[in-house]
Trainee: 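I'd like to ask some things about the structure below.
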Amino acid sequence: MKKFKHSEITSEKIYNKRRSFIKSMGYGLGALTLNSVPLVNANASNLNKPTSYKDITTYNNYYEFGTGKGDPHRRAKNFPTKPWSVKIEGEIEKSLELPVEEVLAIKSEERILKLRCVEGWSMIIPWLGFSLSELLNKVKIKPNAKFVEFETVYNPEEMVGQRYPVLNWPYIEGLRIDEAMHPLTTVVTGLYGKPLPNQNGAPLRIFIPWKYGFKSAKAIVKIKLTEKMPNTAWKNASPREYGFYSNVNPEVDHPRWSQATERVIGESILAPRIKTLMFNGYGDEVAHLYSGMDLKKNY
Ligand SMILES: Nc1nc2c(c(=O)[nH]1)N[C@H]1C(S)=C(S)[C@@H](COP(=O)(O)O)O[C@H]1N2
Ligand SMILES: [Mo]
């Protein structure tokens, strides 16, 4: 019998079969948490076939390992993700430090969600993960807390990119509390049914599907509840280009890139770009979070 050279080829095939089965059952994204969110958003025709395992794990943005798309895959190979712990602190009754094993023991489910990078490309990634609200519900949040800040590990010995002032390290991101509590805001523990590869943010990263990719910070060591809006790494580096909200919005262009369309990673170079959808196609689920807000001002 012929053997596949890479196990991921096999699992990807099985994966795609299983996926169409799940889809035909009309099964939702985590029956427990999110009955109303379909596995593949029906109103988003461009939420389709998952990107290949190879593309998801070799075309990355992870400036701690360099600014080239191939750098994280090459340089993060031996990045130590053990021992690891995640602190939850700030405006809460009692801070908590969780060993990563405890977080990974929380039941993950498959969530096929689209990543839209502000640079104008997208991927559909079969993540494994659970809602961040499950973690946040482990602590008692004080009423004055308004935001949640995420902090990536600072380890310049292992992360060569942190030896250069490309960004103000450590990488900081953040959300409003209601955004953080939304069931689509995911703690990612893996992809394609496997543990999370280092280049994708092992051992844990956050994923917010309706926002540009840079909001989804990798290799998280701290979650801090704050009263003030966090000073996020990209906004800090270039406030004109990157706002705190950074919702995917085809009508608000980045100063250097139109956001109207996107290139689907894995498609032929000749394939036409597809239209970018408001909130990356997740508007039915999240638009209510921004009712009454001027999203041109709050970019
Ligand atoms: N800590 C950290 N997180 C990060 C980044 C980074 O440079 N450092 N890049 C962001 C950007 S710009 C994108 S598009 C996504 C890419 O995620 P992926 O490599 O898993 O596709 O990660 C985001 N998270
Ligand atoms: Mo990005």
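Just so you know, ligand 1 is whichever comes first in the structure, and atom 1 is the first atom listed for that ligand.
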Trainee: Looking only at distances, please establish whether an N/O atom of ligand 1 is found under 3.5 Å from an N/O atom of Tyr59.
Mentor: no
Trainee: Provide, to 0.1 Å, the distance between atom 23 (C) of ligand 1 and the closest protein heavy atom, together with that atom's residue and name.
Mentor: Gly213 O, 3.3 Å
Trainee: If the contact criterion is a heavy-atom separation under 4.0 Å, does Ala217 count as touching ligand 1?
Mentor: yes
Trainee: Could you tell me, atom by atom, which parts of ligand 1 come under 4.0 Å of a heavy atom of Cys117?
Mentor: 14 (S)
Trainee: Nearest to atom 7 (O) of ligand 1, what protein heavy atom do you find, and at what distance?
Mentor: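 Heavy-atom neighbour on the protein nearest atom 7 (O) of ligand 1: Tyr63 N, 2.7 Å.
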Trainee: Determine whether more than 12 heavy atoms belonging to other residues, nucleotides or ligands lie under 6.0 Å from atom NZ of Lys224.
Mentor: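 12 or below, so no.
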Trainee: Relative to each other, are the rings of Tyr62 and Phe65 parallel, tilted or perpendicular (30° and 60° limits)?
Mentor: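 Plane angle over 60°, so perpendicular.
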Trainee: Do Ile112 and Ile125 have side chains that get closer than 4.5 Å, going by heavy atoms?
Mentor: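 Ile112 vs Ile125: side chains apart.
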Trainee: In the protein, which heavy atom is nearest to atom 17 (O) of ligand 1, and how far is it?
Mentor: Arg205 NH2, 3.2 Å
Trainee: Is a side-chain donor-acceptor pair under 3.5 Å present for Glu119 with Asn61?
Mentor: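 The criterion, which ignores hydrogens and geometry beyond distance, is satisfied for Glu119 and Asn61.
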Trainee: Of Lys275, Arg273, Lys114, which is the lone residue that meets salt bridge (Lys or Arg N to Asp or Glu O under 4.0 Å) with Glu262?
Mentor: Lys114
Trainee: Pull out every atom of ligand 1 sitting under 4.0 Å from any heavy atom of Asn200, numbered as shown with elements.
Mentor: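 Per the distance check, 18 (P), 20 (O).
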Trainee: How about Arg176 and Tyr245: do any of their side-chain heavy atoms sit closer than 4.5 Å?
Mentor: yes
Trainee: If you measure from each heavy atom of Gly201 to ligand 1, is any distance below 4.0 Å?
Mentor: no
Trainee: Under a 4.0 angstrom heavy-atom cut-off, which atoms of ligand 1 come close to Asn61?
Mentor: 5 (C), 9 (N), 11 (C), 12 (S), 13 (C), 14 (S), 16 (C), 19 (O), 22 (O)
Trainee: Counting only heavy atoms closer than 4.0 Å, does ligand 1 sit against the backbone of Glu64, its side chain, both, or neither?
Mentor: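 It is the side chain that touches ligand 1; the backbone stays farther off.
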Trainee: Give the contacting part of Tyr171 toward ligand 1: side chain, backbone, both or neither, where contact means a heavy-atom distance below 4.0 Å.
Mentor: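 For Tyr171, only side-chain atoms sit under 4.0 Å from ligand 1.
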Trainee: Would Leu135 and Phe207 show up in the same hydrophobic cluster when neighbours are defined by side-chain heavy atoms closer than 4.5 Å?
Mentor: yes
Trainee: Of all the atoms in ligand 1, which lie at a distance below 4.0 Å from a heavy atom belonging to Thr152?
Mentor: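 Reading through ligand 1 atom by atom, the close ones are 1 (N).
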Trainee: Starting from atom 24 (N) of ligand 1, find the nearest protein heavy-atom neighbour and note its residue, name and distance.
Mentor: Ser216 O, 2.9 Å
Trainee: Is it true that the NZ or CZ of Lys235 lies under 6.0 Å from the centre of Phe244's six-membered ring and within 45 degrees of the ring axis?
Mentor: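 Relative to the ring axis of Phe244, which defines the angle, Lys235 lies outside at least one limit.
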Trainee: Could you see which bit of Leu115 sits under 4.0 Å from ligand 1, with heavy atoms only: side chain, backbone, both or neither?
Mentor: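 Just the side chain.
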Trainee: Measure centre to centre between the rings of Tyr242 and Trp234, then say whether the value is under 6.0 Å.
Mentor: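 Centroid separation for Tyr242 and Trp234: below 6.0 Å.
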Trainee: When you look for heavy atoms under 4.0 Å from ligand 1, do you find them on the side chain of Glu119, its backbone, both, or neither?
Mentor: neither
Trainee: When you measure from atom 18 (P) of ligand 1 to every protein heavy atom, which one gives the shortest distance, and what is it?
Mentor: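 Its nearest protein heavy-atom neighbour is Lys218 NZ, 3.4 Å.
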Trainee: Go through the steps for Lys146 and Glu227 under the test salt bridge (Lys or Arg N to Asp or Glu O under 4.0 Å), then give the verdict.
Mentor: CA-CA 5 Å; Lys146 300 278 183 300; Glu227 205 167 343; 5.9 Å; no
